[in-house]
Amino acid sequence: ILNVEQSPQSLHVQEGDSTNFTCSFPSSNFYALHWYRWETAKSPEALFVMTLNGDEKKKGRISATLNTKEGYSYLYIKGSQPEDSATYLCAFIDAGGTSYGKLTFGQGTILTVHP
Amino acid sequence: NAGVTQTPKFRVLKTGQSMTLLCAQDMNHEYMYWYRQDPGMGLRLIHYSVGEGTTAKGEVPDGYNVSRLKKQNFLLGLESAAPSQTSVYFCASRDRVDSPLHFGNGTRLTVT
């Protein structure tokens with residue numbers, strides 16, 4: 001079973017704070033890393049697909065970096081707003097063999113932004 | 001544009017009963033997945049399919065079976081439901097191995 005770990009499990013910040021959280025994954029056999037945002041009572045929605053070591057992606061106030069050699073990705077939110085409150089999930093895709101096409105999720109980081 | 005549709009949305013079963021959850025996608029996607037969501041556990045992969053006629057086991061396949069007879073449909077079956085299978089089930093699909101997932105709205109299943 002692949003070990004995809006996210007930290008912290010939960011985070012409370014004040015409106016306007018910047019924050020970041022981590023996704024750790026196996027550094028061998030890497031194919032891609034996804035980030036998803038999951039609001040309560042909705043379905044997860046894709047934020048980023050990251051494939052290359054050193055990748056940096058940005059969408060508005062949210063950005064992500066990728067280090068495949070050491071097996072981690074950071075998600076950053078600048079100037080958090082209450083509408084950023086959600087669970088943020090990462091998913092690891094390994095390079096194939098018997099696990100071709102398989103996505104393994106971390107347990108998520110629950111972000112609460114207080115007004 | 002329907003995307004990924006799951007039926008039913010809710011279901012209550014008694015221990016030992018069987019049922020099938022249907023996932024249908026209208027995007028011609030190759031890859032389809034069934035996950036279960038439990039508190040504090042994130043999304044755990046039950047079974048997945050990399051194309052019509054193929055299926056593979058995920059992290060928690062025991063007690064479930066799947067079939068992908070048509071490209072657009074991925075069925076998840078519970079032959080003899082147990083209370084441990086009480087969960088929210090999500091189906092997802094994607095068109096290529098480097099594409100993100102598109103999720104359905106979930107099926108909330110309670111087994112009493």
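From a predicted model like this one, the values you see are computed outputs, not experimental measurements. To find a chain, count down the sequence lines: A is the first, B the second, and so on, and within it residues start at 1.
For the atom pair CG (B:Leu43) and CD (A:Gln107), the distance works out to 11.5 Å, reported to the nearest 0.5 Å. The CH2 atom of A:Trp38 sits 3.5 Å away from atom CD of B:Gln37, with the distance rounded to the nearest 0.5 Å. The OH atom of B:Tyr48 sits 9.5 Å away from the CG atom of A:Leu103 when rounded to the nearest 0.5 Å.
When each of A:Pro44, A:Ala91, A:Gly108 is checked for heavy-atom pairs under 4.5 Å with chain B, A:Pro44 comes out on top. Among B:Gly40, B:Ala92, B:Pro100, the residue with the largest count of heavy-atom pairs under 4.5 Å with chain A is B:Pro100.
More than 12 heavy atoms of other residues, nucleotides or ligands sit less than 6.0 Å from atom CD of A:Gln81. Residue B:Asn105 places its CG atom among 12 or fewer non-hydrogen atoms of other residues, nucleotides or ligands, all under 6.0 Å distant. When the shell of 6.0 Å around CZ of A:Arg61 is examined, it contains more than 12 heavy atoms from other residues, nucleotides or ligands. More than 12 non-hydrogen atoms from other residues, nucleotides or ligands lie less than 6.0 angstrom from CD of A:Glu15. More than 12 non-hydrogen atoms from other residues, nucleotides or ligands lie less than 6.0 angstrom from CD of A:Glu39.
Hydrophobic clustering (side-chain heavy atoms under 4.5 Å, transitive across Ile, Leu, Val, Met, Phe, Trp, Tyr) groups B:Phe74 together with B:Tyr64. Note on B:Ile46 and B:Leu75: separate hydrophobic clusters, where clusters join Ile, Leu, Val, Met, Phe, Trp and Tyr whose side-chain heavy atoms are under 4.5 Å apart, directly or indirectly. Taken together through direct or relayed side-chain contacts under 4.5 Å among Ile, Leu, Val, Met, Phe, Trp and Tyr, B:Trp34 and B:Leu22 form parts of separate hydrophobic clusters.
Put simply, the side chain of A:Tyr36 gets close to the backbone of B:Leu101: a donor and an acceptor are under 3.5 Å apart.
Contacts between B:Ser49 and chain A at a heavy-atom distance below 4.5 Å are absent for every atom of the residue. Heavy atoms of B:Arg94 lying under 4.5 Å from chain A belong exclusively to its side chain. With a threshold of 4.5 angstrom between heavy atoms, B:Glu30 does not approach chain A through any atom at all. If you measure heavy-atom distances from A:Phe48 to chain B, you find no contacts under 4.5 Å at all.
A heavy-atom distance below 4.5 Å is not found between the side chains of B:Leu45 and A:Thr104.
Shortest non-hydrogen contact noted between B:Phe90 and A:Ser43 is CE2-OG, 3.9 Å.
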